[in-house]
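Only one structure is covered here, and it is reproduced in the block below.
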Amino acid sequence: MLQVIKSIKDMKQKIKTIKDSHLTIGFVPTMGALHEGHLSLVRNAKKEHDEVVVSIFVNPLQFGKNEDLRHYPRTFDRDCELLSREGVNLVFYPDITEIYPDGFCTSVIVHDLEDKLCGKTRPGHFRGVAVVVLKLFHLIKPDSAYFGQKDFQQTVIIKRMVYDLNLDINVKVLPTIRNTEGLALSSRNVYLTETEKKDALCLYQSLVKAQCMATSGITDTEKIIREMKKIIHTCASATIDYISIVNPETLEITSEVRNGNVVTLAIRIGRTRLIDNVILTF
Ligand code: PAF
């Protein structure tokens, strides 16, 4: 039976019971509007742990002033139905005031990593992510926490935070789940019109091009990005926020592509900003 817990006090009690029984916890933090990407994280957490906790919290601190906080899809009943079907027993679904009581003024800054890539056009975004994830980690005390590779920069920042603060949490990053045509699943895909959904395939197509070029021995970053841009520019509704090839730990831009570098991009399709990436293997 799925139990929904809304208060920190009740959650602490529940976690204490689990820990007292020496059971392990797999944790999947989400903002709801669940799709197959989230469910693949849940399935892995279930396989690897005795208990799975899923949090559903649309975190206002990670949205910029002109971003989509008010319109972000909220599908709580459907989310619970999906989680029940996966055999999840425990959902943490706090109100905003539960997480950020009056006077809340603590910030978590993972310097050097937070202002690169997406951080350039979304200032403050990763501070918002880091503080809520750290709060959730303290509360839920998971053995492992599961994240999707689609949010690549987020995973690098969380891994760094966990390492720097000596948290005993295994951060697991699982592959991006795509639709049959290659579009990475995202809660924000619901904003796309049918035409935009087709245009959005240019993200994956440009990433595939980058992988093919690297496989064929081309290591000049500029050359690869030039060819990727050509693909993006064939889509009327697409505008480029950034396309970069980076070191997977430091997020530093590389001029010469190496095995394991990450091609990462943010593209606006109409008014919707989408992100995607691939880890180059050659
Ligand atoms: O990836 C997300 O959905 C969010 O950034 C997260 C990790 C749940 C924090 O709000």
Side-chain angles (χ1 to χ4, degrees), residues 2 11 14-15 18-19 21-57 59 62 79 82-83 85-93 108 110 113-114 117-118 125-126 128-178 184-187 207 246-251 259-264 275-281:
L2 185 82
M11 199 65 204
K14 184 75 193 178
I15 296 297
I18 296 171
K19 293 282 175 187
S21 311
H22 303 289
L23 300 173
T24 64
I25 301 175
F27 173 45
V28 183
T30 81
M31 298 206 297
L34 303 182
H35 50 67
E36 273 300 312
H38 298 108
L39 298 182
S40 87
L41 304 181
V42 167
R43 284 173 201 137
N44 275 277
K46 259 202 87 72
K47 235 187 292 164
E48 295 168 2
H49 294 283
D50 303 317
E51 288 283 351
V52 173
V53 180
V54 176
S55 64
I56 298 180
F57 178 65
N59 174 29
Q62 68 188 76
D79 293 347
L82 291 172
L83 294 172
R85 260 188 249 155
E86 296 298 330
V88 170
N89 297 324
L90 206 46
V91 169
F92 182 51
Y93 182 54
V108 179
V110 184
L113 296 175
E114 66 149 25
L117 305 173
C118 288
H125 168 69
F126 290 111
V129 170
V131 76
V132 81
V133 169
L134 187 58
K135 272 197 84 142
L136 292 166
F137 281 178
H138 276 308
L139 179 62
I140 290 158
K141 301 184 177 21
D143 297 277
S144 305
Y146 296 76
F147 297 87
Q149 190 197 309
K150 185 180 76 66
D151 298 300
F152 179 71
Q153 187 173 7
Q154 169 171 281
T155 66
V156 174
I157 287 174
I158 290 168
K159 278 198 235 166
R160 186 76 231 180
M161 178 182 78
V162 163
Y163 182 81
D164 286 351
L165 301 181
N166 307 109
L167 305 180
D168 290 324
I169 298 171
N170 208 338
V171 176
K172 304 232 175 177
V173 180
L174 299 183
T176 303
I177 304 295
R178 302 178 180 282
L185 297 194
S186 160
S187 304
L207 292 170
V246 298
N247 174 294
E249 280 163 26
T250 62
L251 302 180
N259 197 15
N261 282 163
V262 178
V263 190
T264 178
I275 56 172
D276 202 349
N277 64 82
V278 290
I279 301 171
L280 293 174
T281 50

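What you are looking at is a predicted structure, and each value in this text was computed from that prediction instead of being measured.
- Between M31 and N59, the closest heavy-atom pair is SD-N, 3.7 Å.
- With N261 contributing its side chain and L280 its backbone, the two residues share no donor-acceptor pair below 3.5 Å.
- Closest non-hydrogen pair, D79 versus G32, comes out as OD2-CA, 3.3 Å.
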Problem - I279 vs Q149, side chain to side chain contact (heavy atoms under 4.5 Å, CB included): CA-CA, chis, key distance, verdict - result: CA-CA 10 Å; I279 301 171; Q149 190 197 309; 3.7 Å; yes

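- Atom CG of D168 has 12 or fewer neighbouring heavy atoms from other residues, nucleotides or ligands inside a 6.0 Å radius.
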Exercise for the section: Show your reasoning for whether side chain to side chain contact (heavy atoms under 4.5 Å, CB included) applies to M11 and V53. Expected result: CA-CA 10 Å; M11 199 65 204; V53 180; 3.6 Å; yes

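- Judged by distance alone, the side chain of N170 and the main-chain N or O of D143 form no donor-acceptor pair under 3.5 Å.
- The distance from atom CG of D276 to atom CG of L207, rounded to the nearest 0.5 Å, is 5.0 Å.
- With V262 as the partner, the side-chain contact (heavy atoms from CB on, under 4.5 Å) test is satisfied by one option alone out of V246, V278, V156, L251: V246.
- In terms of heavy-atom proximity, K159 sits nearest to V173 at CE-CG2, 3.7 Å.
- In this structure, OG1 in T30 is found 12.0 Å from CZ in F92, a value given to the nearest 0.5 Å.
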Atom pairs and distances, side-chain donor-acceptor, residues 130-141, under 3.5 Å, sequence neighbours left out:
{"unit_1": "K135", "atom_1": "NZ", "unit_2": "I99", "atom_2": "O", "d": "2.6"}
{"unit_1": "K141", "atom_1": "NZ", "unit_2": "H138", "atom_2": "O", "d": "3.0"}

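- Interatomic distance, Q62 CD to F57 CZ, rounded to the nearest 0.5 Å: 9.0 Å.
- Of the residues R43, E48, K172, the one that meets the side chain to side chain donor-acceptor pair (under 3.5 Å) test with Y146 is E48.
- Under the rule for a side chain to side chain contact (heavy atoms under 4.5 Å, CB included), the partners of L2 that lie at least two apart in sequence or sit in another chain are V4, C80, L83, S84, V88, V91.
- Take R160 and apply the side chain to side chain contact (heavy atoms under 4.5 Å, CB included) test, not counting sequence neighbours, and it matches V110, L113, Y163, D164.
- Between the S187 side chain and the A33 main chain, a donor and an acceptor come within less than 3.5 Å of each other.
- Across all non-hydrogen atoms, the minimal contact from I169 to P142 is CG1-O, 3.5 Å.
- For the pair I158 and V129, the minimum side-chain heavy-atom distance is below 4.5 Å.
- Contact of the T264 side chain with the Q153 side chain is not registered, since no non-hydrogen atoms from C-beta on lie closer than 4.5 Å.
- Of all non-hydrogen atoms in D50 and T24, the two that sit nearest each other are OD2-N, 2.7 Å.
- Applying the ring pair (Phe, Tyr, Trp, His ring centres under 6.0 Å) test to every pair with at least one member in residues 24-54, sequence neighbours left out, gives these pairs: H35-H38.
- When atom types are taken as modelled, the side chain of T176 and the backbone of K150 share a donor-acceptor pair closer than 3.5 angstrom.
- Atom-to-atom distance recorded for D151:CG and C118:SG is 8.5 Å, nearest 0.5 angstrom.
- Considering only heavy atoms from C-beta on, F147 comes within 4.5 Å of P29 through its side chain.
- Looking at residues two or more places apart in sequence or on another chain, you find no salt bridge (charged side-chain N to carboxylate O under 4.0 Å, His left out) involving E51.
- Looking at P248 and F152, their side chains come closer than 4.5 Å, going by heavy atoms from C-beta outward.
- Taking the side chain to side chain donor-acceptor pair (under 3.5 Å) definition, one finds that N89 meets it with nothing, sequence neighbours left out.
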